[in-house]
Structure formats: structure tokens, C-alpha cells
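Shown next, in C-alpha cells, is the structure this report addresses.
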Amino acid sequence: MKLTYARVPAAAAAVALLAVATAACNRGSDSSSGPSDKPTIGIDLPRADSDFWNSYAQYIQQYIPVQGVKALPVSNSQNDVTKLVANVQVLERTGAKAIVMAPQDTGAIASTLDRLAGKNIPVVSVDTRPDKGKVYMVVRADNRAYGTKACEFLGKQLGGKGKVAEFEGDLSSINGRDRSEAFGSCMKQKFPGITVYPLVTNWDGAIASSKLQTLLAQHSDLNGLYMQAGGVFLQPTLALLQQKNLLKPAGQPGHIAIISNDGIPQEFDAIRKGQIDATISQPADLYAKYALYYAKAAATGKTFKPGPTDHDSTIIQLPNGLEDQLPAPVVTKADVDDKSLWGNSISK
């Protein structure tokens, strides 16, 4: 059956999610729980300093009742793997049958994942793919595609020539590595006339702004920018460019072509104003929806196999589990008002 998912309106989301709760998402087993079954799920949010992750947190709260799970008090590890480990231990002790997390340091969580596996507590990892340690499902978009899409967009915008800054995410994260490697590789292969200046930011807006200021002092003719996470980079970047009188609207001389990642409402507003040119809409709504869907499935004994799903994604096999790669479209001024985009539905 082909399912259609509403983005945010509560009534429509409830209908869609109740349908999902009773239908297999892929070719896996079809032994589903009854509608009255509410397995206890532990949820840890990764941070509260990003508009994207704050939107995800809103969706988590919205989808808990309609997805048919009992959620323990939601914790937030604040981008600190030590806090994540401690929070997970609390969730274990309070009866979690499955745990949803989004480890920002994907290399440091392996021992925790192995310990949970030993206790038969399955883990759904959202947006980030742990380097090691067993996971039941990773709910994530194709982050290498993010880097490639950003490269291709800027390359065409600049006509294959110019200077581009890149705000790299934390390279201890698979997301930062995937986006950076794909962007750099694409630029070298397809647009050798563009010089790329990678700036390591550790997903920190203040660091990104400081490094961009230094780069602009050295290269005042910079004409492109790729921000790997608009949720943390957008506001400090726009403020800096405004301060330096470099925030020229798209189409005017001196405009710096900018593509971002996330798809938050603030990015959409910036696109409408011509301050940035595009973003890649990372599906915060679908991350929350399918994190809870797979957590419930894990707690009730369902299994899945690699292959296409009925929600326009593909499940792939990982060395340590499975990954559902959700779609993430490029958004420009041409389609920024599309009501199906979650960034046009979530409250700011």
C-alpha cells in the first residue's frame, strides 16, 4: 500500500501515523502490535542550540501519542556524549524497551550500543550513523547526497568559477565527514575552476562566523558559501555579512551565493528575501515519525530487510544494522512556499 504522509497538521498527521502503526513500512515481517499496545520508549534529544533539532523535538512530542508508544521523560544530552551515556542509563533503569537517540559523536557511542544490545534493548539512531555498535535502525537521509547537491548547485550558480567557503560539520560525526567528503570530491571532479576553503566548525555558529570573518579579510572576492547546518550557522552568518555590507540580495552584483542544509523556517525566510539561494530540506518531521515507528517495531519484535520502502526511501544494510535513507529535496525560491515542506508547517 502506498502511504501519503501529512507534514504537520495534527489531524492529518494522526491519520497517517495511525495507518503507519498498523502497516509494515517495508518488506519486513508483518507481526504488528494491536492499537492498544504501547511499548515504553526512551528518547534522548541531541542538543537544544539548533533550530533544526528544536523543530525535531517539537515533532517528537507531536508524534508520541499518535504513534502509539509510551514515552519516558525525554532527556537532552546537549551535544555531550558523557551526558548521553548517563541519560541512556537512566532510560534503561526506568524501563525502556527501545531507545531513540542521535549521538553527535558517532565514534564514542559504540560501547553503550554494545551494552544495550547485550540487554536486548534495541536502538534507533536518528540523523547520525554510529561508526560501531549494533543499531536496530538508523533513520537518516543520504548525507553524501547533501554534499553533492550543494556542490552542484553552487557550481552552476557560479558558472564553474570562483571562491567558495564551506562550513564543515564536526568531522568526528559521520554526517560532517559525509557532507565534507562528497562536497570536496564533487568540486574537484566537476568544478575544478572553483577554489574551496573548508572551515572546520564543530557545528558551532560562533566558530563558523569567526573563521568566515578571517577568510573574508584574506579573500574579499569570496562569492559562494556552503553551510552544512543552517540551524546553527544561518543567523551568525547573516549577521556577519550584514555587518560587512556583503548581504546583497540574489540577483544583485556582489551577492554571495549560499546553499545551506536543514530546511528550517528561518532558512525559508532567508530564501524569500534573497539572502540565501537554497537549502536542502532535512526531514525533521520524518525523522521523528520514523524514529518512533521503528522504536515501536523494535520493541514489539518486528524485523526489516534492505530494499525500497513505501514512503519513497530505501533501507540499506550497514555493517552494524540497517539504515532507512529518507528523501531530502533541494529548496529554492521556486518552491520555497510548497506547503508539503515541513519548514512551512512547524512553528518558529
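Just so it is clear, the structure is predicted and the values come from calculations on it, not from any experiment. This chain uses plain numbering: 1 for the first residue, then up along the sequence. Atoms considered below: every heavy atom in the structure, side chains included; atoms not considered: hydrogens, waters and symmetry mates.
- Among pairs with a residue in residues 102-118, those fulfilling salt bridge (Lys or Arg N to Asp or Glu O under 4.0 Å) read Glu92-Arg115, at least two apart in sequence or across chains.
- For Lys244, the side chain to side chain contact (heavy atoms under 4.5 Å, CB included) criterion is met by Gln213, Leu216, Leu240, Leu246, not counting sequence neighbours.
- Applying the salt bridge (Lys or Arg N to Asp or Glu O under 4.0 Å) test to residues at least two apart or on different chains, the pairs with a partner in residues 213-233 are Lys163-Asp221.
- The hydrophobic cluster containing Val90, built from Ile/Leu/Val/Met/Phe/Trp/Tyr side-chain heavy atoms closer than 4.5 Å, comprises no other residue.
- A search for side chain to side chain contact (heavy atoms under 4.5 Å, CB included) contacts involving Val74 returns Ile43, Leu45, Gln61, not counting sequence neighbours.
- Considering only residues two or more places apart in sequence or on other chains, Trp203 meets the ring-ring contact (aromatic ring centres under 6.0 Å, His included) condition with none of them.
- Not counting sequence neighbours, Phe268 has no partner by the ring-ring contact (aromatic ring centres under 6.0 Å, His included) test.
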Below 3.5 Å, can you tabulate the donor-acceptor pairs from side chains in residues 130-137 to any protein atom, sequence neighbours excluded?
unit_1	atom_1	unit_2	atom_2	d
Asp131	OD1	Thr106	OG1	3.2
Asp131	OD1	Arg177	NH2	3.1
Tyr136	OH	Lys302	O	2.8

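- Judged as a side chain to side chain donor-acceptor pair (under 3.5 Å), and not counting sequence neighbours, the contacts of Asp262 are Gln282.
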Show every donor-acceptor pair shorter than 3.5 Å between a side-chain atom in residues 186-193 and any protein atom, with sequence neighbours excluded, or say none if there are none.
unit_1	atom_1	unit_2	atom_2	d
Gln189	NE2	Ser185	OG	3.2
Lys190	NZ	Glu152	OE2	2.5

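- Every pair passing ring-ring contact (aromatic ring centres under 6.0 Å, His included) that includes a residue from residues 145-182 is listed here, sequence neighbours excluded: Phe167-Phe233.
- Residues passing the side chain to side chain contact (heavy atoms under 4.5 Å, CB included) test with Lys83 are Ser77, Gln78, Asp80, sequence neighbours excluded.
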